[in-house]
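Input: a single structure, listed below in structure tokens.
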Amino acid sequence: MNNTEPKTIKIFDTTLRDGEQSPGASMNIEEKLRLARQLQKLNVDVIEAGFPIASEGDFEAVQKVAQTIKGPEIAGLCRAGFKDIDRAWEALKYAEEKGRIHTFIATSDIHMKYKLQMTPAQVLDAAVKGVKRARSYTANVEFSCEDAVRTDLKFLAEVVGAVIDAGATTVNIPDTVGYTIPFEYFNIIKYLKDNVKNIDDAVISVHCHNDLGLSVANSIAAVQAGAGQVECTINGIGERAGNCSLEEFVMAIRTRGDILPFKTNVVTEQLTPASRLLTQVTGIAVQQNKAIVGANAFAHEAGIHQHGMLMDKSTYEIMTPESVGLKASALVLGKHSGRHAFKKRLEELGHELDEDALNKAFTRFKALADLKKEVFDEDLETIVADQAKKIDEKYKLSHITVTCGSFAVATATVQMEIDGMQVRTAELGDGPVDATLKAIKKLAKRDAQLLQYNVGSITGGTDALGEVTVRITEGERNPVVGRGSSTDIIEASAKAYIDALNRLYFSTERDIESL
């Protein structure tokens, strides 16, 4: 048993930046703000809000988060060029001393040769100049050696020492491509601790990708070697196979305090609400067996396990469901429940709605309660998510009529509002969903391709609120995700497809404006 005072590891959340780079996970400004408020409740130390120079939308999102969120530091990513750095601070300045400029340049031979086409000396010079430029705005400067794991160790140590001398207060040693394994990563961090003379003048940060499924293990190895900050995302989302999962790292540290002398400032009871909110915003579901926040994380089916749980929960649970924000009781309200009880339960679930949003959510709750005998917390979460979703709408669903049967060709008649005008058409299809989506596509006059269609129930029972998630693309555009919910799965499918079309349309418009 380690009796020394645990070292506090800073949690740098990059869900709004690296997480958003997951295909189909792009978020608008309001969605980023919703997640940022949840990260504030989670009490992360740093929120990386975006890449300000990437687009006007990203700039506005970082600026809005910097203006709104209190408590965590707010970071913006930028390349080690003056134009990038200037743009980042223009968005971050509203956070004042809690604004963090996070600048980077690649340092591995493969990146320097093929991507940057720069010599090591040129890269070192650019890194130092970039940090000095950032330092002219704020003392809160983080520098990242992109692809650090595949960088020559001597050169890596030289760059790290030089940027600390230039004023960097945090140095990030990322496993950009998810290549390393724990003992190797431990040795890289230890090498820097042993060979960079001024290393104690900065916090060592680590940012691990999950291409080999080792991002959490690598992050733990890094803090054992001396790292003081871990960069991670809710649900582990991010580029390719994703990032170090925040909830997995935090709960590993908390659960194994007997051999890991570390702690974080994270309010772990907010982990499940954060996970669910991210799923609602992006439409990217968490697999059932996902550690900590998956549907099966605290489920027990085997007879031996169930017997042990009945005797003492610690036989098969190494943490309590309550510690990660799961409630023992799921059933809450019914059709006879009043507005006051509805509002109180939403507040218990962590949702604070303004009067107008509350009224609209309550109206939908009443409509759902008339259709269902039981309304669960998950249903309420979906109602709030749909109500809070403030994506611009070019396309709106008015109504659908579908006919189908064993010996009849499915036909869907769809009426939509497009730019304020009502339009209607009918289409045949290979089933009611196919016919409905064909009709919507025809009315919208978009050449969108459906890449993925998922349907599931929010809760159990034949009267359950169904949730549909679709992933679509058009031409060379990045995929977008849409989601919709209803007790009628055809209506939920239509809502999801129209949600995705709106996202596709407005992401196209933003790209055109940024040219």
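Along the sequence shown, residues are numbered consecutively beginning with 1.
- Listed by chain and number, the residues in a side-chain contact (heavy atoms from CB on, under 4.5 Å) with Lys113 amount to none (sequence neighbours excluded).
- For OH of Tyr179, the number of neighbouring non-hydrogen atoms (other residues, nucleotides, ligands) closer than 6.0 Å is 12 at most.
- A side-chain N or O of Asn243 and one of Asp18 form a donor-acceptor pair less than 3.5 Å apart.
- Contact check on Lys64 versus Glu30 returns no salt bridge, with no Lys/Arg side-chain nitrogen under 4.0 Å from an Asp/Glu carboxylate oxygen.
- Look at Arg79 and Asp84 and you find a salt bridge, because one of the NZ, NE, NH1 or NH2 atoms lies within 4.0 Å of a carboxylate O, short of that distance.
- When atom types are taken as modelled, the side chain of Asp175 and the backbone of Thr180 share a donor-acceptor pair closer than 3.5 angstrom.
- When the side-chain contact (heavy atoms from CB on, under 4.5 Å) test is applied to Glu97, no partner is found at least two apart in sequence or on another chain.
- At a cut-off of 3.5 Å, with distance as the only test, no side-chain donor of Lys10 or Thr170 sits close to an acceptor on the other residue.
- With sequence neighbours left out, the side chain to side chain donor-acceptor pair (under 3.5 Å) criterion links Asn140 to Glu73, Arg100.
- A donor-acceptor pair under 3.5 Å is absent between the side-chain atoms of Thr233 and the main chain of Thr14, judged by distance alone.
- In terms of the side-chain contact (heavy atoms from CB on, under 4.5 Å) criterion, residue partners of Gln270 (sequence neighbours excluded) are, by chain and number, Gln38, Lys41, Leu42, Val267, Pro273.
- Residues satisfying the side chain to side chain donor-acceptor pair (under 3.5 Å) criterion with Gln67, sequence neighbours excluded, are absent altogether.
- Using a 4.0 Å cut-off between charged nitrogen and carboxylate oxygen, Lys132 and Asp165 do not count as a salt-bridge pair.
- Legend: residues meeting salt bridge (charged side-chain N to carboxylate O under 4.0 Å, His left out) with Lys83, ordered by chain and number and at least two apart, are absent.
- A search for side-chain contact (heavy atoms from CB on, under 4.5 Å) contacts involving Phe183 returns Ile181, Asn187, not counting sequence neighbours.
- Other residues, nucleotides and ligands contribute only 12 or fewer heavy atoms inside 6.0 Å of the NZ atom of Lys129.
- A distance-only check finds no donor-acceptor pair linking the side chain of Asp125 to the backbone of Ala121 [under 3.5 Å].
- Ion pair Lys70/Glu96 not flagged as a salt bridge, since none of the NZ, NE, NH1 or NH2 atoms sits closer than 4.0 Å to an Asp/Glu carboxylate oxygen.
- The backbone N or O of Ser215 lies less than 3.5 Å from a partner atom in the side chain of Asn210, making a donor-acceptor pair.
- Evaluation of the side chain to side chain donor-acceptor pair (under 3.5 Å) rule for Ser108 yields Asp147 as partners, not counting sequence neighbours.
- Here Ser144 pairs with His102, Asn172 under the side chain to side chain donor-acceptor pair (under 3.5 Å) rule; sequence neighbours left out.
- Applying the side chain to side chain donor-acceptor pair (under 3.5 Å) test to pairs two or more places apart or on separate chains, those with a residue in residues 151-161 are Thr107-Thr151.
- The pair Glu31-Arg503 counts as a salt bridge, with a side-chain nitrogen and a carboxylate oxygen less than 4.0 angstrom apart.
- With Lys98 contributing its side chain and Gly71 its backbone, the two residues share a donor-acceptor pair below 3.5 Å.
- Between Glu5 and Lys263, at least one side-chain N (NZ, or NE/NH1/NH2) sits under 4.0 Å from a carboxylate O, which counts as a salt bridge.
- Under the ring-ring contact (aromatic ring centres under 6.0 Å, His included) criterion, no residue pair touches residues 41-83, with sequence neighbours excluded.
- Side chain of Thr15 to backbone of Gly19: no donor-acceptor contact under 3.5 angstrom is found.
- A salt bridge does not link Asp499 with Arg483: none of the charged nitrogens is closer than 4.0 Å to a carboxylate oxygen.
- Among pairs with a residue in residues 185-222, those fulfilling ring-ring contact (aromatic ring centres under 6.0 Å, His included) read His207-His209, at least two apart in sequence or across chains.
- A salt bridge is absent between Asp109 and Arg150: the closest approach of a Lys/Arg side-chain nitrogen to an acidic carboxylate oxygen does not fall below 4.0 angstrom.
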